[in-house]
Amino acid sequence: MSTFTVKAYGAESTTADLKEMNIERREVTSKDVEIEILYCGVCHSDLHTARNDWGGTIYPAVPGHEIVGRITKVGSEVSKFKVGDLAGVGCIVDSCGHCNSCQHDLEQYCENGFTGTYNGKDKHTGGHTFGGYSQKVVVDSHHVLKVPENLDPAAVAPLLCAGITTWSPLRHWNVGPNSKVAVVGLGGLGHMAIKLAKGLGAEVTLFSRTPGKTEDAKQLGADHVIISTDEEQMKSVKGKFDVIIDTVPYVHDVNPYVTTLNISGTHVLVGYLGGLEPILNTVPMILGRKSVAGSVIGGIAETQELLDFCGEHNIVSEIEMIKMQNINEAYERMLKSDVRYRFVIDMQSL
C-alpha cells in the first residue's frame, strides 16, 4: 500500500519524553478521507498509553484521539464529505462492521474489537495506528464525524472523548428534564458531564471532596454542590439521584454514593478501570433495585448525535491551548489536575 510521511510527536519507549518524529500514513483509498489536523485534545489515556501504564503499548506510540481538522482529500466512493469540511475523529477508526454491536451502532463494543485511533492494529498497513499528535490522519469515512461550523473547533476536540464518554450514559439511562443527575469529580470528564446533563434539562449536582470547586461547578451549570466528606450533606441527598456519573479515574469507595441513588437509580463508572475497594455493599442495591454500571465512549452515530446537540445548544469544552512542544509539561500538569479542564494542542505549532 502506498504511504506518505508526516511529522508527529510520539514516545519511543516507556520512559522517553514525547518528541518530534516522522510517521507513515496510508494514501487515501476509495472509502477514506484525509484530514489536516488543526487541533487535538489531550486525554489521560494518551499519557497512560505513552507510558505503558496499562501494558501493551506498541512503540513508537503517537497518542491523540480528540481530533478536529479540515478534509483535504476524499476517496472516490465517499459522498458524505467534501474537501474543506470541518471534521472530527474520536477514539475509533475502524470496527468489524458486521457483529451485533456494530449493526446496532455500538462500535465501541465491537465483538471483534474496534481499532483504536492509536495503538490499534492497522488493518490497511499491517502495522499499528498512530493518533492525532500529527499533521494529518487518514480514516475510513464511516468513522469520521461532521463538526458544526458554529462551534469553536479547538473547544470541540475534547467532545470526541471526554464529551462522548459522558454523553453515552446520559442518553442510555434516558436523562431528561425530570431527571436528577449527580457527577462525581470535576475534571475533563466531570465538567462535560455537568454541561451535557444540564443541556438535557436535568437537575445537576456535583459531588466534591472540597468546597473549592463550588463556584466553578455552578458556572458550568451545576444546580447544587455536595461535599462528599461531609456526613450531614451526604445524608441530605439520600435516595435522591436517578443517575450518578462517576468520573474519578482511580480506585475509590462508591458505597456512599450508592445510598444517594433513588429507587432503580444507577451509578455509572466512566473513569476507573479495575477492582473496587472497599468491597461493594449490595444491601442498598438489593433493597432499592439500585445498580452500579460501567460505560465507555460511544458509537459513531451517538457521537454525531452529541456533536449535533452541542451545535444546537452551543456546548463546548473548557480548554487551555498549548503548543505541541509543551506536551511533556502538560502531562505532568495533568497528573496534578492542574488544568481547567482540558488541554488542546494547536497542531499548527508542529
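Just so you know, these numbers come straight off a predicted model, no measurement behind them.
With hydrogens and angles disregarded, no donor-acceptor distance shorter than 3.5 Å links the side chain of Ser101 to the backbone of Cys110. Looking only at distances, no side-chain donor or acceptor of Thr260 sits under 3.5 Å from a matching main-chain atom of Pro256. Put simply, the side chain of Ser179 never gets that close to the backbone of Ala202: no donor and acceptor are under 3.5 Å apart. Although no hydrogens or angles enter the test, the distance criterion places a donor-acceptor pair under 3.5 Å between the side chain of Thr247 and the main chain of Gly185. For the pair Asp152 (side chain) and Val156 (backbone), a donor-acceptor distance under 3.5 Å is absent. Remark: the backbone N or O of Pro63 is not paired with any side-chain donor or acceptor of Asp46 at under 3.5 angstrom. A distance-only check finds a donor-acceptor pair linking the side chain of Asp246 to the backbone of Val248 [under 3.5 Å]. In this structure, the side chain of Ser30 does not engage the main chain of Gly75 through any donor-acceptor pair within 3.5 Å. Judged purely by atom type and a 3.5 angstrom limit, His191 uses its side chain to pair as donor or acceptor with the backbone of Glu318. At distances below 3.5 Å, at least one donor-acceptor pair connects side-chain atoms of Asn328 with backbone N or O atoms of Leu18.
Taking 4.5 Å as the limit, every side-chain heavy atom of Phe343 sits out of range of all side-chain heavy atoms of Asn326. Under the 4.5 Å side-chain criterion, counting only non-hydrogen atoms from C-beta, Glu34 is not in contact with Arg25. Annotation: side chain of Lys240 is in contact with side chain of Glu203 (closest heavy-atom distance under 4.5 Å). Contact annotation: the side chain of Cys161 approaches that of Arg342 to within less than 4.5 Å [non-hydrogen atoms, C-beta and beyond]. A heavy-atom distance below 4.5 Å is not found between the side chains of His172 and Ser295. Side-chain contact between Ser317 and Glu66 is absent, with no heavy-atom pair separated by less than 4.5 Å. In this structure, the side chains of Tyr331 and Val42 come closer than 4.5 Å at one or more pairs of heavy atoms. Leu306 places a side-chain heavy atom less than 4.5 Å from the side chain of Leu196.
A side-chain donor from one of Asp32 and Thr29 sits under 3.5 Å from a side-chain acceptor of the other. Checking Asp94 against Thr115 by side-chain atom types alone, no donor-acceptor pair falls below 3.5 Å. Between Glu107 and His142, the side chains place a donor N or O and an acceptor N or O closer than 3.5 Å (distance only, hydrogens not considered). No side-chain donor-acceptor contact under 3.5 Å links Thr72 and Glu36. Between Thr229 and Arg209, the side chains place no donor N or O within less than 3.5 Å of an acceptor N or O (distance only, hydrogens not considered).
Residue Glu149 places its CD atom among more than 12 non-hydrogen atoms of other residues, nucleotides or ligands, all under 6.0 Å distant. Heavy atoms of other residues, nucleotides or ligands lying less than 6.0 angstrom from NZ of Lys123 number more than 12. Residue Lys121 qualifies as open at atom NZ: its count of foreign heavy atoms under 6.0 Å is 12 or below. Residue Leu335 places its CG atom among more than 12 non-hydrogen atoms of other residues, nucleotides or ligands, all under 6.0 Å distant. The local environment of NZ in Lys73 is sparse, with at most 12 non-hydrogen atoms from other residues, nucleotides or ligands closer than 6.0 Å.
Hydrophobic cluster membership is shared by Val258 and Ile244, with clusters built from Ile, Leu, Val, Met, Phe, Trp and Tyr side chains linked at under 4.5 angstrom. Cluster annotation: Leu186 is not connected to Val237 through the hydrophobic network of ILVMFWY side chains, with a link wherever side-chain heavy atoms come within less than 4.5 Å. If you chain together hydrophobic residues whose side chains sit under 4.5 Å apart, Val144 and Phe114 never meet in one group. Under the 4.5 Å side-chain heavy-atom criterion for ILVMFWY residues, no single connected hydrophobic cluster contains both Tyr39 and Tyr133. With hydrophobic clusters built from ILVMFWY side chains whose heavy atoms lie under 4.5 angstrom apart, Val344 does not share a cluster with Ile37.
The CG atom of Asn255 sits 9.5 Å away from atom CE of Met285, with the distance rounded to the nearest 0.5 Å. Atom CD1 of Ile297 is separated from atom CD1 of Ile164 by 8.0 Å, given to the nearest 0.5 angstrom. Rounded to the nearest 0.5 Å, atoms CG (Leu145) and CG (Leu86) are 11.0 Å apart. Atom OH of Tyr118 and atom CD1 of Ile67 lie 10.0 Å apart (nearest 0.5 Å). One finds the CZ atom of Phe207 at 11.5 Å from the NE2 atom of His224 (value rounded to the nearest 0.5 Å). The distance from atom CD of Gln108 to atom CD1 of Ile300, rounded to the nearest 0.5 Å, is 8.5 Å.
Of the charged side-chain nitrogens involved, none lies within less than 4.0 Å of a carboxylate oxygen, so that Lys323 and Glu20 do not count as a salt-bridged pair. Classification of Asp308 and Lys146 as a salt-bridged pair fails, no side-chain N sitting under 4.0 Å from a carboxylate O.
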Practice task
Evaluate side-chain contact (heavy atoms from CB on, under 4.5 Å) for Lys213 paired with Ser208, printing each intermediate quantity in order.
Solution key: CA-CA 7 Å; Lys213 294 184 176 178; Ser208 178; 4.2 Å; yes

Problem - Verdict with reasoning, Ile23 to Val6, per side-chain contact (heavy atoms from CB on, under 4.5 Å) - result: CA-CA 6 Å; Ile23 60 171; Val6 298; 3.6 Å; yes

Handout entry: Stepwise salt bridge (Lys or Arg N to Asp or Glu O under 4.0 Å) test for Lys136 and Glu27
Key = CA-CA 11 Å; Lys136 291 186 176 183; Glu27 292 286 357; over 6 Å; no

Exercise for the section: Please report the C-alpha distance between Asp223 and Lys198 in whole Å, then the side-chain angles of each, then the deciding distance to 0.1 Å, and finally whether the side-chain contact (heavy atoms from CB on, under 4.5 Å) criterion is met. Expected result: CA-CA 9 Å; Asp223 299 289; Lys198 191 65 180 175; 2.7 Å; yes

Practice task
Apply the test side-chain contact (heavy atoms from CB on, under 4.5 Å) to residues Tyr109 and Glu111: give CA-CA distance (whole Å), side-chain angles for both, the deciding distance (0.1 Å), then the verdict.
Solution key: CA-CA 6 Å; Tyr109 303 120; Glu111 292 159 31; over 6 Å; no

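Scanning all heavy atoms of the two residues, the minimum distance from Val147 to Ala87 falls at CG2-C, 3.5 Å. The minimum heavy-atom distance linking Pro158 with Ile319 is given by the pair CG-CG2, 4.0 Å. Among all heavy-atom pairs drawn from Leu206 and Val183, the shortest one is CD1-O, 3.4 Å. The two atoms that bring Val204 and Gly221 nearest to each other are CB-O, 4.5 Å, heavy atoms only. Heavy-atom minimum distance, Ile327 versus Ile345: CD1-CD1, 4.1 Å. Ser236 and Ile226 get closest at one heavy-atom pair: OG-CD1, 4.2 Å.
Between Tyr272 and His252, the two ring planes are perpendicular [angle over 60°; tilted spans 30° to 60°].
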